[in-house]
Engineer: 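I'd like to ask you about the structure that follows.
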Amino acid sequence: MKKVVAVLVCVVVLLVGDTVLDKSGTQSSFDTKKAYEQGETFYNNKEYDKAAELFKKACDSGNMSGCFNLGIMYASGNGVEKDLSKAAELFKKACDSGNMRGCHNLGVMYTNGNGVEKDLGKAVQLFKKACDGGDMFGCGNLGFMYAHGNGVEKNEQKAAELYKKACDGGNMFGCGNLGIMYADGNGVKKDFSKAVELYKKACDGGDMSGCGNLGSMYADGNGVEKDLGKAEKLFKKACDGGNMRGCGKLGVMYTNGDGVKKDFGKAVQLFKKACDGGNMLGCTNLGSMYANGDGVEEDFSKAAELLKKACDGGDMNGCRNLDIITLMAK
């Protein structure tokens, strides 16, 4: 049986919706503005039912930030019954009236087919509108679409330009994704030092994928002097911040004793966290631990279950290890 697959890879940030309130303060009457501000206070205090009522009042009176925020609440099910179609309707109303965050979030919904029929071409149009209107999330996600040829002809140079615009405008996901392009030499000349600079900016700005990717650079000595201690700290920061790949990478370090004392039990915990959080490589590595009896009692049935989950989720290492397990069981 193969031992744990120690794979440290850079990852492209996936499209996400804007889950924070819009505080742009669109012009409105005093009463409408007051309703909006009170709604914001209730939301921050997690009194969601009261917040939803006030955002609706603001929205109905023409405050597009109120419409946007009410859309966020319908999308999340806070204070109202979750209704993605209603969320999309509210984002559209906000977008049509000039709220660029509404355009961005509506684009995300078209990308994922949430509350609307999936339409990547429509998503591209909305991200472009948002980007042109100054929304840096829109620029970042438009770059993502160009990078992968989703709804538009693939153009990595254009993607890099858009990621740079997003990054320069304060969008840390744009910085992280631009860093990936420099690390891989896609759309720009390969430059590990530039990638490190961008990953650091993204990480310092709160993008946990940036922290994980910066950790990989320190682990491999790409663009910086190799420093496993620094890599361990960055993977831990990423993991603690909700980046499941960071958890998996940290698990590999504990498995191999790279920069940390070898600890199979700790590795198992980290691989489980990564796997439960949707990281298929984490599932593969956890399956390998069960197959090898490292940190857990040997259990081929559990190993096969985890490797199948990883394989079904697209991790080819899981598929290969599952084949080995199957052969051994015969």
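Source: prediction; values computed, not measured.
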Engineer: Which pair of non-hydrogen atoms, one from Gly318 and one from Cys311, has the smallest distance, and what is that distance?
Structural biologist: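 Taking every non-hydrogen atom into account, C-CB, 4.1 Å.
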Engineer: With sequence neighbours left out, write down each residue that passes salt bridge (Lys or Arg N to Asp or Glu O under 4.0 Å) with Lys272, or none if nothing qualifies.
Structural biologist: Asp276
Engineer: Might you work through the side chain to side chain contact (heavy atoms under 4.5 Å, CB included) test for Asn285 and Val252, ending with a clear yes or no?
Structural biologist: CA-CA 8 Å; Asn285 286 346; Val252 170; 3.7 Å; yes
Engineer: Using a strict 4.0 Å threshold on nitrogen-to-oxygen distance, state whether Glu89 and Lys86 make a salt bridge.
Structural biologist: yes
Engineer: Would you indicate whether Lys56, at its atom NZ, is surrounded by more than 12 heavy atoms from other residues, nucleotides or ligands within a distance under 6.0 Å?
Structural biologist: no
Engineer: Would you confirm whether the ring centroid of Phe91 sits within less than 6.0 angstrom of the ring centroid of Phe68?
Structural biologist: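 Yes - the distance between ring centres of Phe68 and Phe91 falls below the 6.0 Å cut-off.
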Engineer: Can you sort out the partners of Lys237 under salt bridge (Lys or Arg N to Asp or Glu O under 4.0 Å), two or more places apart, ordered by chain and number?
Structural biologist: none
Engineer: Enter the distance from Leu250:CG to Asp258:CG here, rounded to the nearest 0.5 Å.
Structural biologist: 11.0 Å
Engineer: Please confirm whether the ring centroid of Tyr43 lies under 6.0 Å from the ring centroid of Tyr48.
Structural biologist: yes
Engineer: I need the minimum non-hydrogen distance between Ala183 and Tyr199, along with the two atoms involved.
Structural biologist: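 Here Ala183 and Tyr199 meet closest at CB-OH, 3.7 Å.
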Engineer: For the pair Asn63 and Thr32, evaluate side-chain hydrogen bond (donor to acceptor under 3.5 Å, both in side chains) and give the outcome as yes or no after the intermediate values.
Structural biologist: CA-CA 7 Å; Asn63 184 297; Thr32 301; over 6 Å; no
Engineer: I need the minimum non-hydrogen distance between Ala75 and Ala87, along with the two atoms involved.
Structural biologist: N-CB, 3.7 Å
Engineer: Can we say Lys308 and Glu305 salt-bridge, meaning some charged N sits less than 4.0 Å from an Asp/Glu carboxylate O?
Structural biologist: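 No, this pair does not count.
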Engineer: What heavy-atom pair brings Cys211 and Ala238 nearest, and what distance separates the two atoms?
Structural biologist: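 So the minimum-distance heavy-atom pair works out to CB-CB, 4.1 Å.
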